[in-house]
Novice: 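Below you will find the structure I want to go over with you.
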Protein chains: 2
Amino acid sequence: MRISILLVDDHPLVGDGIKTMLAGENSMEVIGVCKSGAETLEFIRKKSPDVVLQDINLPDENGLVLCGQIKQHDERIKIIGLTSANEAGIVTDFLARGGSGYLLKNVDRKELIEAIRTVYGGKVYLSREASDKVMEQIHGNNSMQPVIILTRREKQILELLAEGMKGPKIAEHLHLSTLTVETHRKNLFRKLNVSNVQLLLRIAHEKRLI
Amino acid sequence: MRISILLVDDHPLVGDGIKTMLAGENSMEVIGVCKSGAETLEFIRKKSPDVVLQDINLPDENGLVLCGQIKQHDERIKIIGLTSANEAGIVTDFLARGGSGYLLKNVDRKELIEAIRTVYGGKVYLSREASDKVMEQIHGNNSMQPVIILTRREKQILELLAEGMKGPKIAEHLHLSTLTVETHRKNLFRKLNVSNVQLLLRIAHEKRLI
DNA sequence: CGACAACTACCGGAATTCAGGTAGTTTTTA
DNA sequence: TAAAAACTACCTGAATTCCGGTAGTTGTCG
């Protein structure tokens, strides 16, 4: 059985390049090329590839979302993300959505084939460069700012806010006055420099405080 | 130069097991064993290991947070997570915090050494089982519920809410009435079965709608 | 074309957030 | 042991959310 592959990329050059790379490899077979998210979803409703090689920058839809949609349709399909050089901080997000691998577009034939084999075998393949991106992301995130330190109570309240609890509920839960909780919340706002709970949680996530 | 390794695990058996496994490997050296997060942070202030083998279940602190703290202290330290069999859905989170590898505790000697070599070389190593966990996580998340479909506007508003914008701001941004935005928001609440924006964003993230 | 979904907009009212403070008590830590 | 930080609690008032509806106007698709 040859490994069936679906290419998703709106840029013809990349599609051709990949196709050429795989042409000599008779254990793999490109069964289709799609240029958009919609086209891809339509395609996989008819044929299920083993592996999808998917560009992250698509014309009609966010590539990360598409990844999730493909996995939702058929959990067995393995997905490898392709990205140009100048993006960062998407790798973990892509994995979280069910992606199995991540490559930069300057990948060589050898690595491409290794990556496909690896994900087909059920493991995760990240290119060295993709690993670096993860590091950059982490590094970039906390080398700029002076490291935010939250107190125990603040962490606690931040977590409860993240659970979806609101002020009064948290107060009840921790046996505190509502007003006290609001004070802590306010201090969190100040420390993370935000003005509402949504942003607080967003930034807290970015800074990996929760 | 031998690869220096710090073990972090409160369970002596695991620590001993790992130590024994690595004893025969003269390219690696265990330079310390810590039993808690606090102890770990203290240790790395004095000595910087190349690789940290870290249990996720620690007595005093969340292992994921500790991972972030270690990377914050010294970005060059590579961290491999260790976990018992019954946990899931932490792998990507661990990577997002700067972890470089993930193993189950029933790992054998060969894989352990390969994992250490891999992360020391700057790449990511996930055990087959860890990869499976990622899949389980994804699969478990969307196989239960009937797949939630959001309209274009709803997605749009969901994303703006995720950016931290509030009702009136969104209305302005989309040239809509505040009341209209509130209607959409209400519909989002209904579809995702939540009662406030925090929860909405939380659930939306879980279901990978944003 | 007719039905159905989506998009738009509105009302009233209770609950909660958010801004900008002050201030006393306990805990940590240098 | 002092000083600093954390924790607690309070105030006022405007802004916003959230709940429960209703309802007219597009689209869209069989």
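Just so we're on the same page: letters track the sequence lines, and every chain starts at 1.
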Novice: Could you say whether B:Glu154 or A:Pro168 is positioned toward the 5' end of DNA chain C, judged by the nucleotide with the nearest heavy atom to each?
Specialist: B:Glu154
Novice: Where the side chain of B:Gln198 meets the backbone of A:Met165, is there a donor-acceptor pair that is under 3.5 Å apart?
Specialist: yes
Novice: Side-chain contact, heavy-atom cut-off 4.5 Å: A:Leu188 with A:Ile157?
Specialist: yes
Novice: For B:Thr180 and B:Leu176, indicate whether the former's side chain and the latter's backbone hold a donor-acceptor pair under 3.5 Å.
Specialist: no
Novice: How many whole angstroms separate atom CG of B:Leu161 from atom C1' of D:dT16?
Specialist: 13 Å
Novice: Ignoring backbone atoms, test whether A:Arg153 places a side-chain nitrogen or oxygen under 4.0 Å from the OP1 or OP2 oxygen of D:dT8.
Specialist: yes
Novice: If you take any heavy atom closer than 4.0 Å to DNA chain D, which residues from residues 169-189 of chain A end up in contact?
Specialist: A:Leu176, A:Ser177, A:Leu179, A:Thr180, A:Thr183, A:His184
Novice: Taking atom P of C:dC7 as reference, at what distance in whole Å does atom CD of B:Gln156 sit?
Specialist: 9 Å
Novice: Where do B:Tyr102 and B:Leu126 come nearest, in terms of heavy atoms and distance?
Specialist: CB-CD2, 3.6 Å
Novice: In whole angstrom, give the distance that lies between atom CG of B:Asn196 and atom C1' of C:dT17.
Specialist: 12 Å
Novice: What integer distance in Å separates B:Asn193:CG from D:dC19:C1'?
Specialist: 15 Å
Novice: Just so I know, are the side chains of B:His173 and B:Leu160 near enough to count as touching, which here means a heavy-atom distance under 4.5 Å?
Specialist: yes
Novice: Closer to the 5' end of DNA chain D via nearest nucleotide, is it A:Arg152 or B:Val197?
Specialist: A:Arg152
Novice: Given atom CG of A:Leu200 and atom C1' of C:dA19, what is their separation to the nearest angstrom?
Specialist: 15 Å
Novice: Nearest-Å distance, CG (B:Leu160) to P (D:dT16)?
Specialist: 16 Å
Novice: Okay, side chain of B:Glu154, backbone of B:Thr151: is any donor-acceptor separation there less than 3.5 Å?
Specialist: yes
Novice: Rounding to an integer number of Å, can you tell me how far A:Leu150 CG sits from D:dA5 P?
Specialist: 15 Å
Novice: State the CD1-CG distance between A:Ile18 and A:Leu103, to the nearest 0.5 angstrom.
Specialist: 8.0 Å
Novice: At what angle, to 10 degrees, do the two end axes of the helix from C:dC1-D:dG30 to C:dA30-D:dT1 meet, given five pairs define each axis?
Specialist: 70°
Novice: Calculate the interatomic distance between A:Gln198 atom CD and D:dA15 atom C1'; express it in whole Å.
Specialist: 14 Å
Novice: Side chain of B:Lys78, backbone of B:Gly122: donor and acceptor closer than 3.5 Å?
Specialist: no
Novice: With a 4.0 Å limit, can you tell me whether A:Thr151 has a side-chain N or O closer than that to the phosphate oxygens OP1/OP2 of D:dA5?
Specialist: no
Novice: Mind listing the closest non-hydrogen atom pair of B:Cys34 and B:Leu6 along with its distance?
Specialist: SG-CD1, 3.8 Å
